[in-house]
There are 2 protein chains.
Amino acid sequence: MNPKNQKPEPLACDPMSLIAIKDTLQLLSGKWKIQIAGLLFRSGRMRFMDLQRAIDGIGVKMLSRELQELEENKIVSRTVMDTKPVTVEYELTAHGRTLEGVIVAISDWGVTHRNHLFKQPSV
Amino acid sequence: MNPKNQKPEPLACDPMSLIAIKDTLQLLSGKWKIQIAGLLFRSGRMRFMDLQRAIDGIGVKMLSRELQELEENKIVSRTVMDTKPVTVEYELTAHGRTLEGVIVAISDWGVTHRNHLFKQPSV
DNA sequence: GAAACTAGTTTCCTGAATGAAAGTACCTGA
DNA sequence: TCAGGTACTTTCATTCAGGAAACTAGTTTC
């Protein structure tokens, strides 16, 4: 009945913190969400096109989609401005701003350990 | 010559911190690396099968591959023990332990904001 | 009326990520 | 010698993330 290969029961020790990590990662999944949040954290409100210009390599589709998901999860708020032509501004919600610790930790680690990254490149 | 759709030049303001975020995320990319690092951070040395048992849902292939990538990037060390049958132990390197801030920030945020997660579920 | 700006959505496509299962290899105890 | 444990690797299949380009839609400027 048991297949030959390993299919272990999870250990009783599945610590809360592992589940918490999983939750957070799921919320911030994808290539761009943390970058978007980090940018909004530093820059405050930003418009759609400015976000695209600031985030190297992102296309409109992914930006649109990631913003939608962040909005659904109350990380980012979306405000349609009464301008001609309409512009839309995005910013972190109060809840989104609680990600400060995560954003700063990730950013700081990247800065500090740049030399060590990716098998210690010749940079 | 310019296609009709938007393909903006990146803004001059492409802050160091955004690049740093990108770097860190690339290093920790994939579904499992941060979970693995978080587990090793809490538990110290662990063997292959114990890691699999502790991480809900991971299969042998992914565990093997993620560990290899973490090892290549000097986050995790791999030690073959002189036992019968051979066992292999993994632990964070000194460099891997500098991820503490990242791991703790992500874990803490998940714990604190569990109620807010995923559109404020009925949990 | 054509071009260009705003902010998207939709369609189509590709490559990467992931997973299940089987195979490799070695050793131990019944 | 056969089941079962260790630790993987390989193969095959599938799903999904991501990207390019076209398209919608309203407004403004030339």
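Fair warning: this is a prediction, and the values are worked out from it, not measured in the lab. Just so it is clear, the values below take in all heavy atoms, side chains as well, and ignore hydrogens, waters and symmetry mates. All chains are named by letter (A, B, ...) in the order of the sequence lines, taking the proteins before the strands, and each is independently numbered beginning at 1.
Distance, A:D82 CG to C:dA7 P: 14 Å, rounded to whole Å. At whole-Å resolution of the value, CG in B:L63 and P in D:dC8 are 8 Å apart. Here D:dC8 presents its C1' atom at 13 Å from CG of B:L51, a figure rounded to the nearest Å. When rounded to the nearest whole Å, the span between NZ of A:K33 and C1' of D:dG18 equals 12 Å. Rounded to whole Å, the distance from CD on A:E89 to C1' on C:dG8 is 16 Å. Computed from coordinates, the B:R65 CZ to D:dA7 P distance equals 20 Å when rounded to whole Å. One atom, CD1 of A:I58, and another, P of D:dA17, lie 14 Å apart when rounded to the nearest Å. Atoms CZ (B:F48) and P (D:dT6) sit 11 Å apart, rounded to a whole Å.
Nearest nucleotide to the side chain of B:R47, out of C:dG19, D:dG26, D:dT6: D:dT6. Listed nucleotides: D:dT6, C:dG8, D:dG18. Nearest to the side chain of A:Y90: C:dG8. Of the candidate nucleotides C:dT18, C:dA7, D:dG19, C:dA7 has the atom nearest to the side chain of A:T87.
An OP1 or OP2 oxygen of C:dT9 is reached within less than 4.0 angstrom by a side-chain nitrogen or oxygen of A:S64. Taking 4.0 angstrom as the limit, B:Q68 places a side-chain polar atom (N or O) nearer than this to OP1 or OP2 of D:dT9.
For B:Q52 against B:I58, the heavy-atom pair with the smallest separation is NE2-O, 3.5 Å. The shortest heavy-atom contact between B:K33 and B:E66 is NZ-OE1, 2.9 Å.
Annotation: of the two residues near DNA chain C, A:K61 and A:V88, the 5′-most nearest-nucleotide partner is A:V88. For the pair A:K84 and A:S29, nearest-nucleotide mapping onto DNA chain D gives the more 5' position to A:S29. A residue-by-residue look at A:G57 and B:R78 shows that B:R78 has its nearest nucleotide of DNA chain D further toward the 5' end.
A salt bridge between A:R47 and A:E89 is absent, with no side-chain N of the basic residue lying under 4.0 Å from a carboxylate O of the acidic one.
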Strand DNA chain C in bracket notation, Watson-Crick/G-U under 3.5 Å with | for pairs to another chain:
||||||||||||||||||||||||||||||
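For the atom pair CD (B:E69) and CG (B:L28), the distance works out to 11.0 Å, reported to the nearest 0.5 Å. Between the CZ atom in B:R114 and the CH2 atom in B:W109 there is a gap of 11.5 Å [rounded to 0.5 Å]. The CD atom of A:E71 sits 7.5 Å away from atom OG of A:S77, with the distance rounded to the nearest 0.5 Å. Between B:L51 atom CG and B:L40 atom CG the span is 5.5 Å, to the nearest 0.5 Å.
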